[in-house]
Amino acid sequence: MQHKMITFIGAGHMASALMRGLTAAEYPGHCITVHDISVDKAQALAENLGLEHQADLALAVAKAEIIVLAVKPNGIATVCQALKAAIAHKPLIISVAAGVKLSSIERFLGQGPLPMVRSMPNTPALIGCGATGLYANAKVDASLRNWSESLFRSVGIVQWFEQEKLLDSVTALSGSGPAYIFLVMEAMQEAGIALGLDPQLAKTFTIQTVLGASRIALETAHPISELREQVTSPGGTTEKALSILNQGQLKDLFLKALQSAYDQAQLLSATYDKE
């Protein structure tokens, strides 16, 4: 498959992760261009990874077959306005802007129907362990789907969704999910310290426990509920601890938390619809 010319608009953490994933997969550096409002930042990243850098936005996208919009959601309208006159060649647009619908991006670009993909990756993409949800509009053919999928597979797992609104569910589950796990880890560490463990040891054992549990869940075919049951001996310490967590309605709390995140994602999408 011939390599396509890719331009990243934005040089933040997620864009950097994707570019590093591509270069690790031996994607040619001369086929990747970096542009960011912070010229020094983009230039340093390009030099570090052996990529092209272009400070002029129009020149950065002039030959691009794929443009990755990797800017913050509140900056997407401004960037799209600046792109209007430079994308008459109708490249594939991939958005990493959380909560912004493709219909909003199309309206901001003012170019009529364009092939576009909306993505919802998460921060573990920074270490190649990401989980990304993708949604494509009707202009994206099988070949462009493959290109989009390859890009995000370079930093983790990928799943396509046929309904765009389900990306808000992905946002609530895996997009915000690392923060939920960090909160649980923080609570475990603090409890370990309260029980007399050295703070660094409590942190190390917390991290290793979460890592080990995640790998077991990943590498076995057992349902997660069954894995929990395997650790829970009748009358044992784990059963006693879980009874306390169940008294606090932990599952109900998570449901309420994810529902709240989902509702906020929907609210943000509606806000950008009105811009």
What residues, two or more places apart in sequence or in another chain, satisfy salt bridge (charged side-chain N to carboxylate O under 4.0 Å, His left out) together with [X]?
{"X": "Asp168", "value": "Arg118"}
{"X": "Glu149", "value": "Arg153"}
{"X": "Lys101", "value": "Asp273"}
{"X": "Glu26", "value": "none"}

Within residues 224-245 or reaching into it, pairs that qualify as salt bridge (charged side-chain N to carboxylate O under 4.0 Å, His left out) - sequence neighbours excluded: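 Passing the test, one end in residues 224-245: no pairs.
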
Salt bridge (charged side-chain N to carboxylate O under 4.0 Å, His left out) contacts touching residues 246-256 (sequence neighbours left out):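 Of all non-adjacent pairs touching residues 246-256, none passes salt bridge (charged side-chain N to carboxylate O under 4.0 Å, His left out).
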
Contacts of Phe161 that satisfy side-chain contact (heavy atoms from CB on, under 4.5 Å) - sequence neighbours left out: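 Once residues adjacent in sequence are excluded, the partners of Phe161 under the side-chain contact (heavy atoms from CB on, under 4.5 Å) criterion are Gln159, Leu166, Leu167, Val170.
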
Polar side-chain atom of Thr33 near backbone of Ala60 as donor-acceptor pair, under 3.5 Å: no

Pairs where residues 175-197 contributes a residue and the test side-chain hydrogen bond (donor to acceptor under 3.5 Å, both in side chains) is met, not counting sequence neighbours: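 Every candidate side-chain hydrogen bond (donor to acceptor under 3.5 Å, both in side chains) pair involving residues 175-197 fails, so no pair, neighbours aside, qualifies.
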
By ring pair (Phe, Tyr, Trp, His ring centres under 6.0 Å) - contacts of Tyr135 (at least two apart): none

Check against salt bridge (Lys or Arg N to Asp or Glu O under 4.0 Å), Lys84 and Glu106: CA-CA 10 Å; Lys84 274 186 178 182; Glu106 186 174 291; over 6 Å; no

Review item, side-chain donor-acceptor pairs of residues 51-59, under 3.5 Å, at least two apart:
residue, atom, partner, partner atom, Å
Gln54, OE1, Asp56, N, 3.0
Asp56, OD1, Ala58, N, 3.0
Asp56, OD1, Leu59, N, 2.9

Linked hydrophobic residues, Ile216 as query - side chain contacts closer than 4.5 Å: Leu227

ring-ring contact (aromatic ring centres under 6.0 Å, His included) partners of residues 21-40, not counting sequence neighbours, each pair once: His3-Tyr27

